[in-house]
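First up is the structure itself, then whatever we jot down about it.
All values below were derived from every heavy atom in this structure, side-chain atoms included, with hydrogens, water molecules and symmetry-related copies excluded.
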Amino acid sequence: MYPEMINKIKLLSAEIDNLTASSAEEIEALRIKYLSKKGEISQLMADFRHVAPEDKKMVGQLLNELKDKTQNKINDLKEQFSQQDNVAEGIDLTRTAYPIAAGSRHPLSIVRNEIAEIFGRLGFSIAEGPEIEDDWHVFGALNFADDHPARDMQDTFFIQSNPDVLLRTHTSSVQTRVMEKTQPPIRIICPGRVYRNEAISYRAHCFFHQVEALYVDKNVSFADLRQALLFFAKEMFGADTKIRLRPSYFPFTEPSAEMDISCNICGGEGCPFCKHTGWVEILGCGMVDPNVLEACGIDSTVYSGYALGMGIERITNLKYRVKDLRMFSENDKRFLDQFEPAH
Ligand code: DAH
């Protein structure tokens with residue numbers, strides 16, 4: 001019994017030294033094989049009672065060493081395995097995280113949001129309409145004469161097979177859509193992309209962005225328009241900003257005006273940007289023509305309204321001095337990174 005047992009202990013000890021495992025399941029199988037109640041070492045422990053009393057001390061010591069060694073070996077394997085797991089496929093899950101580089105908001109979006117926010121404070125909500133439109137919503141309802149040059153192939157992108165399908169040339173088309181469906185009071189702004197058949201250069205593009213504003217209610221006057229414009233200009237360009245309205249013409253407004261603001265680059269002193277006039281033009285506006293109200297089903301003897309439209313690129317250029325319009329659509333990261341990070 002006794003030499004046989006010593007032998008067994010030696011054999012097992014050598015076996016334990018060479019143990020390897022490649023998965024958590026394999027390690028568990030080893031633990032069961034050696035250390036569980038019916039495991040090989042437990043069997044030896046059970047046989048221990050047959051050892052002669054004078055040998056018990058020596059054999060007991062060997063047995064205990066074997067048991068400790070096996071336990072340690074299994075612990076080591078477990079540890080190795082969990083480390084291997086963490087670096088699997090080159091990913092070290094214990095490493096500290098990189099700061100994640102967030103993108104930045106597009107300058108046109110920053111300015112559009114700011115315009116929406118300023119008009120929002122005056123009670124305007126946002127309305128949207130389709131970019132692919134028909135003649136009625138872009139021109140007809142807005143009082144354009146049939147032979148108006150804006151309808152010309154040179155300005156408008158038509159779908160060749162059907163000239164009644166076109167890309168909107170201005171966001172005024174959203175006015176038409178909202179007035180057709182809603183009775184006053186109406187107080188909306190319509191931001192969006194518009195298309196014109198222009199040669200692309202640093203100062204013109206075949207698509208750009210506008211914000212339209214429309215207010216229709218009882219007793220809306222030109223004074224209301226002027227006050228809204230002054231509020232907008234001061235909020236957008238600073239409290240010292242002055243505005244100037246010049247008479248103009250649009251088919252859908254009567255009277256019509258263009259608004260200049262005091263040049264925010266030289267403060268009105270005169271500089272190359274404002275061509276030494278001290279003023280820069282930023283938008284078109286006017287009182288909604290009664291014909292337009294009637295075309296959209298609104299009684300022009302009861303209601304009146306004002307409308308205005310501005311190019312977002314133009315406002316953005318004034319705020320950020322972007323010299324080449326093409327920068328806005330080239331997706332050059334070096335350009336885009338200069339604007340505020342997105343939240
Ligand atoms: N739709 C005009 C354009 O694209 C801008 C405009 C001018 C809009 C006067 C208006 C307005 O609502 O009243 O040039």
Side-chain angles (χ1 to χ4, degrees), residues 111-144 148 150 166-194 208-236 243 245 248-259 282-312 315:
V111 171
R112 181 205 52 210
N113 293 349
E114 201 173 335
I115 296 171
E117 198 261 326
I118 295 170
F119 278 97
R121 277 187 266 145
L122 290 176
F124 287 75
S125 54
I126 292 178
E128 284 180 330
E131 292 178 13
I132 301 173
E133 266 290 7
D134 52 38
D135 185 278
W136 169 254
H137 290 97
V138 179
F139 301 123
L142 290 169
N143 208 30
F144 280 78
H148 193 281
L166 48 95
L167 295 177
R168 68 181 179 194
T169 56
H170 55 181
T171 45
S172 306
S173 56
V174 187
Q175 284 191 29
T176 321
R177 290 203 169 262
V178 172
M179 285 193 284
E180 268 177 353
K181 288 216 192 78
T182 331
Q183 282 299 306
I186 295 170
R187 213 192 301 232
I188 49 157
I189 63 162
C190 327
R193 182 174 282 187
V194 299
F208 54 99
H209 301 79
Q210 292 187 329
V211 176
E212 185 86 11
L214 173 73
Y215 176 34
V216 185
D217 203 347
K218 289 179 180 148
N219 302 319
V220 177
S221 70
F222 201 93
D224 296 325
L225 170 61
R226 195 179 187 288
Q227 209 51 36
L229 290 172
L230 183 63
F231 176 77
F232 169 72
K234 285 179 181 287
E235 291 298 301
M236 193 77 200
I243 65 167
L245 291 169
S248 184
Y249 172 78
F250 300 101
F252 36 91
T253 43
E254 182 57 36
S256 305
E258 273 165 321
M259 179 174 100
I282 66 160
L283 57 78
C285 59
M287 300 306 292
V288 182
D289 193 300
N291 289 347
V292 174
L293 295 174
E294 295 294 336
C296 297
I298 292 173
D299 188 342
S300 65
T301 62
V302 180
Y303 296 108
S304 57
Y306 67 69
L308 59 102
M310 68 187 105
I312 304 183
I315 309 281

key: Identified ring-ring contact (aromatic ring centres under 6.0 Å, His included) partner of F144 from the options Y249, F250, F139   = F139
query = Do the side chain of N143 and the main chain of P251 share a donor and acceptor less than 3.5 angstrom apart?
reply = yes
message = Is it the case that atom CD in Q227 sees more than 12 heavy atoms from other parts of the structure closer than 6.0 Å?
response = no
Nearest heavy atoms of P184 and V216, plus distance in Å = CB-O, 3.5 Å
key: Distance (rounded to the nearest 0.5 Å) between Y303 OH and D217 CG   = 7.0 Å
query = Would you call K234 and I243 a side-chain contact if the rule is heavy atoms closer than 4.5 Å?
reply = no
note = Heavy-atom nearest pair, F222 first then A257, reads CZ-CB, 4.4 Å
ask   = Side-chain contact, heavy-atom cut-off 4.5 Å: I312 with F208?
value = no
key: From L225 atom CG to L245 atom CG, the distance as rounded to the nearest 0.5 Å   = 7.0 Å
request  = Check whether any side-chain heavy atom of L229 sits under 4.5 Å from a side-chain heavy atom of Y306, and report yes or no.
outcome  = no
task = State, yes or no, whether a side-chain contact exists between R187 and S125 at a heavy-atom distance under 4.5 Å.
result = no
message = To the nearest 0.5 Å, what is the distance between CD1 on I282 and CZ on F232?
response = 5.5 Å
ask   = What are the two closest non-hydrogen atoms of S173 and R168, and how far apart are they?
value = OG-CD, 3.7 Å
query = Do other residues, nucleotides or ligands put more than 12 heavy atoms under 6.0 Å from E128 CD?
reply = no
key: Closest heavy-atom pair and its distance - L166, V138   = CD1-CG2, 3.6 Å
ask   = CG of L214 to CG of L308: how many Å apart, nearest 0.5 Å?
value = 9.0 Å
ask   = Which atom pair, heavy atoms only, marks the closest approach of G129 to V174?
value = N-CG2, 3.8 Å
inquiry  = Under the criterion side chain to side chain contact (heavy atoms under 4.5 Å, CB included), I'd like the reasoning laid out for E117 against E235: C-alpha separation, chi angles, the key distance, then a yes or no.
reply    = CA-CA 10 Å; E117 198 261 326; E235 291 298 301; over 6 Å; no
inquiry  = Please identify which of these residues, E212, H170, H137, E180, meets the side chain to side chain donor-acceptor pair (under 3.5 Å) condition with Q175.
reply    = E212
query = Once you round to the nearest 0.5 Å, how far does CD1 of I115 lie from NE2 of H209?
reply = 11.5 Å
Test item: Q210 side-chain N/O and T171 main-chain N/O as donor-acceptor pair under 3.5 Å = yes
key: Heavy-atom closest pair, residues A295 and W136   = O-CZ2, 3.6 Å
key: Minimum side-chain heavy-atom gap V292-M179 below 4.5 Å   = yes
ask   = Could you give the distance from CG (D224) to CG (N219), rounded to the nearest 0.5 Å?
value = 9.0 Å
ask   = Can you find a pair of side-chain heavy atoms, one from D289 and one from T253, that are under 4.5 Å apart?
value = no
request  = Check whether any side-chain heavy atom of I315 lies under 4.5 Å from a side-chain heavy atom of V211, and answer yes or no.
outcome  = no
